[in-house]
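Numbers restart at 1 for each chain; the letters A, B, ... are given by sequence-line order, proteins then strands. What you are looking at is a predicted structure, and each value in this text was computed from that prediction instead of being measured. Worth knowing before you read on, the calculation uses all heavy atoms, side chains too, and leaves out hydrogens, waters and symmetry mates.
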Amino acid sequence: MSGSKALGGGAGSGARRRRTRCRRCQACMRTECGECHFCKDMKKFGGPGRMKQSCLQRQCTAPVLPHTAVCFACGEAGKEDTVDSEEEKFSLCLMECTICNEIIHPSCLKMGKADGIINDEIPNCWECPKCHKEGKTSKVRVRDAPRLACARGGAKGSRGNKIRNSKNQNQRTSVSSSSSSIPTSNGGGMASSGLLMSAMAASPCQPSRLAPRSQMMKRSPPAVPSPPRPVQMERHLVRPPPACPEPSCLLLDCGSAHIMTRDAWLRVFTYLSQRELCVCMRVCRTWSRWCCDKRLWTQMDLSRQRSITPPMLSGIIRRQPVSLNLGHTNISKKQLMWLINRLPGLLELDVSGCPWTSVSALCQAVCPCLKLLDLSRVEDLKDSHLRELLAPPPDESRAGRFQNMTELRLAGLDLTDAASRLLVRHTPHLTRLDLSHCVNITDQTVRNLTVSPLRESLTHINLAGCVKLTEQSVQLLQCCSALQTVDLRSCSLLSAESGQLLSFPFHSCVESKLLLHSSFDSEINISIYKVQQ
DNA sequence: ATTAACGTATCA
DNA sequence: TGATACGTTAAT
């Protein structure tokens with residue numbers, strides 16, 4: 001059956017309108033990847049065209065009401081473009097209720113608009129005052145979660161179907177995640193709502209109430225107390241915020257705009273820690289939006305968090321970091337897969353100290369942008385796993401999935417010399433390589449690296465604690481023309497003199513330092529640094 | 001008329 | 001329960 005027949009039983013507004021692309025978000029602006037499951041199904045990519053789904057990289061983050069949508073009360077379209085103030089714009093835009101599906105101008109409501117609960121993640125989406133007053137909120141939240149969540153679809157069919165529908169929705173934003181709801185660390189599927197980042201200690205409020213709307217400078221609690229959180233929280237689609245969160249200024253009680261514009265506030269916010277940003281998010285709805293600006297969250301560090309929770313995951317997606325540290329967490333495979341597939345702009349990922357059973361999620365990920373991957377001390381990571389991770393899938397003759405990686409950290413792994421051949425073959429742009437404390441690698445690894453094109457690109461190499469390395473390695477490293485830093489500390493077979501063999505060949509090298517120190521009486525540690533002016 | 005793809009039914 | 005199929009809607 002089609003979604004068009006999805007009538008709100010007792011909902012009053014009739015057929016639910018199907019949402020459509022905004023055509024403006026980053027996802028909408030992308031071209032089809034041609035590689036994902038859904039692209040491969042498309043006729044244009046040689047598939048049968050049965051699935052009829054959009055490319056996974058092109059999942060709209062802000063699906064809009066169709067432009068044929070009209071107000072249930074007055075029959076007219078959205079008229080927000082005819083006015084200037086935020087307040088008036090809201091009154092005259094079309095809002096779709098996630099519970100009864102009714103689309104209406106808030107100004108056309110007889111009962112007043114202040115008790116509606118706006119869904120910040122999707123344009124023109126709220127729980128209308130009528131439904132809210134009738135107390136439908138929490139019950140519906142559990143059972144009709146799909147519609148609440150993604151503002152698409154949702155026939156009033158059987159309960160089971162509704163749950164499954166939500167899954168379909170979420171699958172659209174993942175490549176191969178087996179779970180659509182936000183996964184819990186134990187692999188379960190329970191999700192929670194909101195932007196909360198409990199990992200960041202402070203919990204930003206869910207700024208979804210209308211009532212404090214005209215008093216945004218005040219730190220005020222929500223005017224309407226939140227309904228008690230249901231035991232099973234809704235599953236929903238997590239969307240990143242727009243690139244420049246609206247509005248552009250704060251409105252004061254008198255109706256004029258506060259002298260500090262969004263851009264000015266954003267400059268102030270750049271001086272705050274992530275913890276402080278979370279506090280600011282509780283001030284008001286506008287600040288909450290502004291503080292979600294991804295420019296404030298380019299780096300997110302959740303390392304050593306005891307558990308990675310669904311709110312943390314949605315918080316990460318909302319902020320779209322460029323650099324993400326998940327080192328030494330208990331993140332599950334499902335969670336990692338869910339995350340990675342929703343962070344198309346991720347450049348740096350740290351999963352050091354996590355179990356390979358979780359990290360193996362990367363084997364199914366599409367992250368062509370990734371520049372830095374830290375796999376140090378990943379539990380049970382072997383050569384074969386590295387091959388699985390770096391090599392292209394067997395059915396494709398194309399390049400590996402980390403072709404553009406420039407920095408790889410493999411410290412403390414149980415790798416052999418075979419691993420270096422994988423690096424040479426599948427990470428051709430590597431400039432920084434950390435193999436420290438890989439105690440099984442030998443001179444052969446250094447030979448493999450230095451006879452390959454990597455010889456020209458490697459600038460930093462860490463071989464500290466590789467106890468099988470001999471002076472041969474030191475000699476081999478001499479032919480690396482771009483090398484700036486070599487760490488050979490704790491290589492117990494190397495003598496102080498062998499360090500001197502490493503004469504840096506580049507002209508820019510003004511000084512090479514040979515640091516000798518001894519952390520253990522029985523061991524000579526050599527560290528050689530090139531110091532550039 | 002054509003294309004894209006949403007939302008739900010159904011399969012495995 | 002995840003994967004797949006497909007009628008139908010929205011845009012052009």
More 5' along DNA chain C: A:K52 or A:T20, using each one's nearest nucleotide?
A:K52
Check this one for me: any side-chain N or O of A:R50 less than 4.0 Å away from OP1 or OP2 of C:dG7?
no
Donor-acceptor under 3.5 Å (A:Q305 side chain, A:L302 main chain)
no
Of the options B:dA4, C:dC6, C:dT4, whose atoms approach the side-chain atoms of A:K44 most closely?
B:dA4
For atom CG of A:N101 and atom P of B:dG7, their distance in whole Å
11 Å
Rounded to the Å, how far apart are A:F38 CZ and B:dG7 P?
14 Å
Winner on side-chain proximity to A:S54, out of B:dC6, C:dA10, C:dA5, is B:dC6
When rounded to whole Å, the CG to C1' distance for the pair A:L56 and B:dA5 reads 13 Å
N/O donor to acceptor pairs below 3.5 angstrom from side-chain atoms of residues 349-357 of chain A, sequence neighbours left out:
unit_1 : atom_1 : unit_2 : atom_2 : d
A:D350 : OD1    : A:S352 : N      : 2.8
A:D350 : OD1    : A:S352 : OG     : 2.7

Determine the minimum heavy-atom distance between A:C22 and A:C60, stating which atoms define it.
N-SG, 3.4 Å
Check: A:G315 main-chain N/O paired with A:R319 side-chain donor or acceptor under 3.5 Å
yes
Residues A:E87 and A:K89 bridged, charged N to O under 4.0 Å
no
Starting at NZ of A:K334 and ending at P of C:dG2, how long is that distance when rounded to a whole Å?
6 Å
Output yes when at least one side-chain N/O atom of A:R21 is less than 4.0 Å from OP1 or OP2 of C:dA10, else no.
no
In terms of side-chain heavy atoms of A:H37, which of C:dT4, C:dA11, B:dG7 is nearest?
C:dT4
Do A:E88 and A:S85 get their side chains close enough for a donor-acceptor pair, meaning under 3.5 Å?
yes
side-chain contact (heavy atoms from CB on, under 4.5 Å) partners of A:S384, counting only residues at least two apart
A:K382
For DNA chain B, what are the stems built from at least three Watson-Crick or G-U pairs in a row, each pair having both distances below 3.5 Å?
B:1-12 with C:1-12
Rounded distance in Å - CG (A:D41) to P (B:dC6):
13 Å
Find the distance A:K43:NZ to B:dA5:P and express it as a whole number of Å.
15 Å
Value in whole Å for how far the P atom of C:dT12 lies from NE2 of A:H67:
6 Å
Measure from the side chain of A:Q53, starting at C-beta and using heavy atoms only, and say which of C:dC6, B:dA5, C:dA10 lies closest.
C:dC6
Determine: side-chain N/O of A:R18 to OP1/OP2 of B:dC6, distance under 4.0 Å, yes or no.
no
Report the residue (A:P48 or A:L65) whose heavy-atom-nearest nucleotide on DNA chain C is the more 5′ of the two.
A:P48
May I have the distance from A:I103 (atom CD1) to C:dA10 (atom C1'), rounded to whole angstrom?
13 Å
